[in-house]
Amino acid sequence: MDANYRPELIEAEAQKQWETDQAFRATENDGRPKYYCLSMFPYPSGKLHMGHVRNYTIGDVLARYHRMKDYNVMQPMGWDAFGLPAENAAMANKVAPAAWTYANIDYMRQQLKSLGLAIDWSRELATCKPDYYRWEQWLFTQLFEKGLIYKKLATVNWDPVDHTVLANEQVIDGCGWRSGALVEKRDIPMYFFRITDYAEELLAELDHLPGWPERVKTMQRNWIGKSFGVEIHFPLSKPAGQDVLKVFTTRADTLFGATYVAVAAEHPLAQQAAANNPQLAAFINECKQGSVAEADLATMEKKGMDTGLVAYHPFTGEAVPIWVANYVLMGYGEGAVMAVPAHDERDFAFAQKYGLPVRAVIRPSGEEKGVRREAEKPDSPHASLLTPYTEYGVLFDSGDFSGRSSQDAIEKIALVLKGLGLGERRTTFRLRDWGISRQRYWGCPIPIVHCPSCGDVPVPADQLPVVLPEDVVIDIGSPLKKMPEWSNCTCPKCGGAAERETDTMDTFVESSWYYARYACPDNDQAMLDGRANHWLPVDQYIGGIEHAILHLLYARFFHKLMRDVGLFGAENIRSSAGGPLPNPPPGGEGANAALRAPKAIDEPFKNLLTQGMVVAETYYRDLPDGKKQWINPAEVEVERDAKGHIVAAKLKSDGLPVIIGGIEKMSKSKNNGVDPQALIDQYGADTARLFMMFAAPPEQSLEWSDAGVEGAHRFLKRLWKAVHEHVAMGTVAAYSGGELSSAQQGLRRQLHQTIQKVSDDIERRQQFNTAIAAVMELMNALARLEGDDAVTRGLRQEALEAVALMLAPMVPHICQALLAELKPGIAFNQAAWPGADTSALVQDEIELVLQVNGKLRGKLVVAAGAAKKAIEQTALASPEAQKHMEGKPAKKVVVVPGRLVNIVV
RNA sequence: GCCCGGGUGGUGGAAUAGGUAGACACAAGGGACUUAAAAUCCCUCGCUCGCAAGGGCGUACCGGUUCGAGUCCGGUCCCGGGCACCA
């Protein structure tokens, strides 16, 4: 055995062996229980970043741990290969997106391999390859036939200079990132998935996902946003051209406080009023400026204008003005809201700004009386209302409904409105249908042919895939729209001249089903086969918390779509290409979960671990053109104050100051990434893995610092040295029984406690930093164990074997090498996880904490099985207790078994 | 703006069901070894009063519940994630 730890040698050797042995290949015909461990696949952006290293190490620890626990583990890897960055890179470097992407994949695959991940590479897939997206197109045509996909107008960011649609991230302060032009909203036709048909099920199934973090489920619930409200019709006068103006509200109890109605700029009423009102037309035009992102809409200044039209209150018949407001969105509900300034923050601010009346109709209910400000008293003049009262309460000034509670009034008002034909109860969802059309090139072509006589015709299965041409030149806009040789075709239905759809799909579509395709990536006859039934659901999914809503919701939705197309049924073993579909379930798509397949197949991810982000300090300098030059932390030297806080920073190369930009997620745009390759090259993969797992628990965000890496590396060196020194004295069998001194007994107890803790930390808590800390403590204790007698050496052998096994999921290369020295001939990949010897855990005396009035005053040693009463006596008699009780009698004595005694005087 | 998290020593973090706050590391300081340095090993290390023994304070801030609160409840501030075309 080499006296020195040489990661570059042992890692290369171990990886080579795993590759020749095909050690991580997963097969279905295996008697053991399956464990499908999946980390979110990477976008091939160029090289791995720290977030990847963290994500894949976490996944690998869990995969390797379960492998040692005798599960049939499948851990695949692939590439989320379509997307915007490839087009940007193409423009910047004059390379085709495909070539750029494939080169990145090759580089990053080699990087992943150098991390020593237990991946079954035979299942690798890339979403930009026709043999993958072909099935996405096939599913699209199936859903299209079933009516689960439809076309409608949707609003996008339009760059009027570049004549192109911009992604939200390409809009900076309302302007196009390249052209700098003021962005406009524009309506274009797009295809939509009817995710709202599944809203009920997507919501309800969250209650059956105990393996998901509560916060993710909460976020999804809020996103789906089921709300019970009332649709209210405000009658219109004849010139308005319509009979009623429909609004939706969850607060029908405030109806008598409605003092105006606000409609979206795109609302037909607004359009109509603008026809002979140039000022209004100008305002509506102004509303068209800016991005479509909700964060921008919600934070912009609330503006509005009176249309001059009025609607009539459904109960009082009073005329209320109709305003156009930029905060009302056409896409939500009816594109119109009733405004109740007295009981809604936003309406209140708007009314204040434009001098609209405020009419209070809800006051706090009895028990809360007197808590509220004077201004909210029912008899105070409305003008003095300082803040709106937005809680539920009791109605007043509300006709027959006065005196009712809010909840009661909502029911009653809905009922009366219904009787009048002026509204009814309605359940709505915040969730909107998923628009998937993208006016971009580097994505999966939408398999639709536009025929002048047949309309939108899905491409038949035998003509799939619609292949995306890869040899193209990119400038602004999609080249597909300028390639008649690609888009001209014949109609599959009538054979006449037709044109292909030139939009591609949202890249979230590819990532919504890749987890299933890993089961059978080689099947060229069907999207999925029986192997998907074997492996699904994913037992453990690991990925960034930033995917908590969109990706995870879309993947859940797709799972249900695939189920309802019959891909998980018994019949899915036959070719699904071109085959007949099972009948759609009766009564709509979302309504009949009970009629469907067993629960297990309703959700794709059984357990979810959301890792926090890897963040780092950012630094920049302002450039003369107003832009920022971001500087990598590696090029910056920081100055700290006496307390260690960063006070100033300067560039190493010129010594001049740079601006500290705060801590942010590592990203290319902020140039604050730390290249993991340098770390791996210098210290080896095991050090990188160990540091990543030790620095923070997986769910927390991890602030990067180079300093800790050294420590991780030193620990591995100490571990290597400890094994080397032990092995150099000759082989010895692990301790298996016999008399032990109390120090030996103590060490052996710690060893088996550590085994217990590490198992629990990895399996249940998924908190690897404390598992590693426990092993470090054990190693520190082992270093203090003196003696070279046979028993001590046997004990050391037992401990070192266990340490090598316990650390194997985190640092597999070194553990394989150490185990080979400790137990020559052992097959590392068949090594089993160690079990704790419970007989070693027994203690006959335990230490308790002694408190007087909740303050720590001393310690007590009592027999392990001592009765509460006896412990109480011992505690009261102890000198520490006597001293701090100052002669006063004990009012109460709290004994927490195994923990503490608290004497209250 | 809305939804979801987080805030503990100089730093990363620990405290798992309300029960010893600071495990394990990093950095720093001191020492040993060395001609010297690196490496390695040993010691100190929340703040504060005290020669010491031993006190007091302390988990962003304010208040509450409890014998006991980093942990639970109410409010405030700050930081991060998401907001439907970044992935």
Side-chain angles (χ1 to χ4, degrees), chain A residues 40 42-43 45 80 83-85 156-157 165-171 213-216 218-219 221-223 225 292-300 302 327 331 345-346 430-440 506-508 511 544-551 553-554 612-613 615 640-645 662-665 667 669 694-697 699-712 714-715 717-718 721 757 760-761 764-765 767 769-770 772-777 780 847-851 853-856 859 891-894 896 899-904:
Chain A
M40 289 181 185
Y43 177 79
S45 55
D80 187 13
L84 203 48
V156 295
N157 301 308
V165 176
L166 298 177
N168 283 333
E169 75 154 11
Q170 295 175 314
V171 180
E214 213 47 59
R215 64 167 156 159
V216 174
T218 305
M219 282 190 258
R221 275 189 200 105
N222 292 341
W223 184 262
V292 299
E294 199 198 285
D296 294 335
L297 296 171
T299 48
M300 70 188 176
K302 309 288 177 283
Y327 66 82
E345 302 275 0
R346 199 172 49 180
R430 205 186 77 95
L431 181 69
R432 312 195 294 258
D433 276 337
W434 177 13
I436 54 107
S437 295
R438 297 290 179 269
Q439 298 67 45
R440 304 192 199 294
D506 181 359
T507 55
F508 270 125
S511 55
I545 183 65
E546 66 271 26
H547 297 291
I549 297 176
L550 292 180
H551 162 63
L553 191 67
Y554 291 150
M613 266 154 310
V615 295
R640 292 169 190 271
D641 64 12
K643 294 211 157 188
H645 297 126
I663 291 166
E664 296 200 53
K665 170 172 142 181
S667 72
S669 58
F694 183 62
E699 303 231 295
Q700 262 178 53
S701 62
L702 187 155
E703 192 180 327
W704 181 257
S705 91
D706 304 302
V709 177
E710 285 275 0
R714 271 206 293 269
F715 173 72
K717 282 203 283 195
R718 274 202 304 274
K721 203 174 126 199
K757 177 171 173 57
D760 186 52
D761 277 352
R764 181 182 62 87
R765 299 217 300 154
Q767 190 168 300
N769 55 332
T770 48
I772 294 165
V775 176
M776 286 176 168
E777 283 183 81
N780 291 344
E847 195 181 66
L848 297 185
V849 161
L850 173 67
Q851 295 182 339
N853 283 339
K855 280 185 195 275
L856 176 69
K859 306 224 165 132
K891 268 191 219 157
K892 188 174 176 181
V893 181
V894 182
V896 182
R899 287 274 185 189
L900 58 68
V901 184
N902 186 17
I903 300 168
V904 186

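Reminder, nothing fancy here: chain letters follow the sequence lines and each chain counts from 1. Note that the structure is a prediction, hence the values are computed from the model and not measured. Values below: every heavy atom of this structure, side chains too, minus hydrogens, waters and symmetry copies.
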Contact under 4.0 Å: A:N780 side-chain N or O vs B:A25 OP1/OP2: yes
Compare the minimum distances between each of [options] and the side chain of [X], then state the nucleotide with the smallest one.
{"X": "A:E546", "options": "B:A25, B:G82, B:G1", "answer": "B:G82"}
{"X": "A:P697", "options": "B:U20, B:A14, B:U40", "answer": "B:A14"}
{"X": "A:R899", "options": "B:C83, B:A27, B:U20", "answer": "B:U20"}
{"X": "A:D80", "options": "B:A25, B:A87, B:C3", "answer": "B:A87"}
{"X": "A:K855", "options": "B:G1, B:C4, B:G56", "answer": "B:G56"}
{"X": "A:A295", "options": "B:A87, B:C83, B:A25", "answer": "B:C83"}

Tell me the closest heavy-atom pair linking A:A548 and A:M219, and the distance in Å. CB-CE, 3.8 Å
Heavy-atom donor-acceptor pair, A:R764 side-chain to B:U16 base, under 3.5 Å: yes
Quick one: label [X] by what it contacts on the DNA or RNA (base, sugar-phosphate, nothing), any heavy atom closer than 4.0 Å.
{"X": "A:A712", "result": "nothing"}
{"X": "A:R430", "result": "base"}
{"X": "A:L84", "result": "sugar-phosphate"}
{"X": "A:D760", "result": "base"}
{"X": "A:L850", "result": "nothing"}

Using 0.5 Å steps for rounding, measure from the [atom1] atom of [X] to the [atom2] atom of [Y].
{"X": "A:I436", "Y": "A:T507", "atom1": "CD1", "atom2": "OG1", "answer": "11.5 Å"}
{"X": "A:D760", "Y": "A:Q767", "atom1": "CG", "atom2": "CD", "answer": "10.0 Å"}
{"X": "A:L848", "Y": "A:K859", "atom1": "CG", "atom2": "NZ", "answer": "11.0 Å"}

Heavy-atom nearest nucleotide on RNA chain B taken for A:I772 and for A:N902; more 5' hit belongs to A:I772
Given that A:R718 and A:F715 both sit by RNA chain B, which one's nearest nucleotide is further toward the 5' end? A:F715
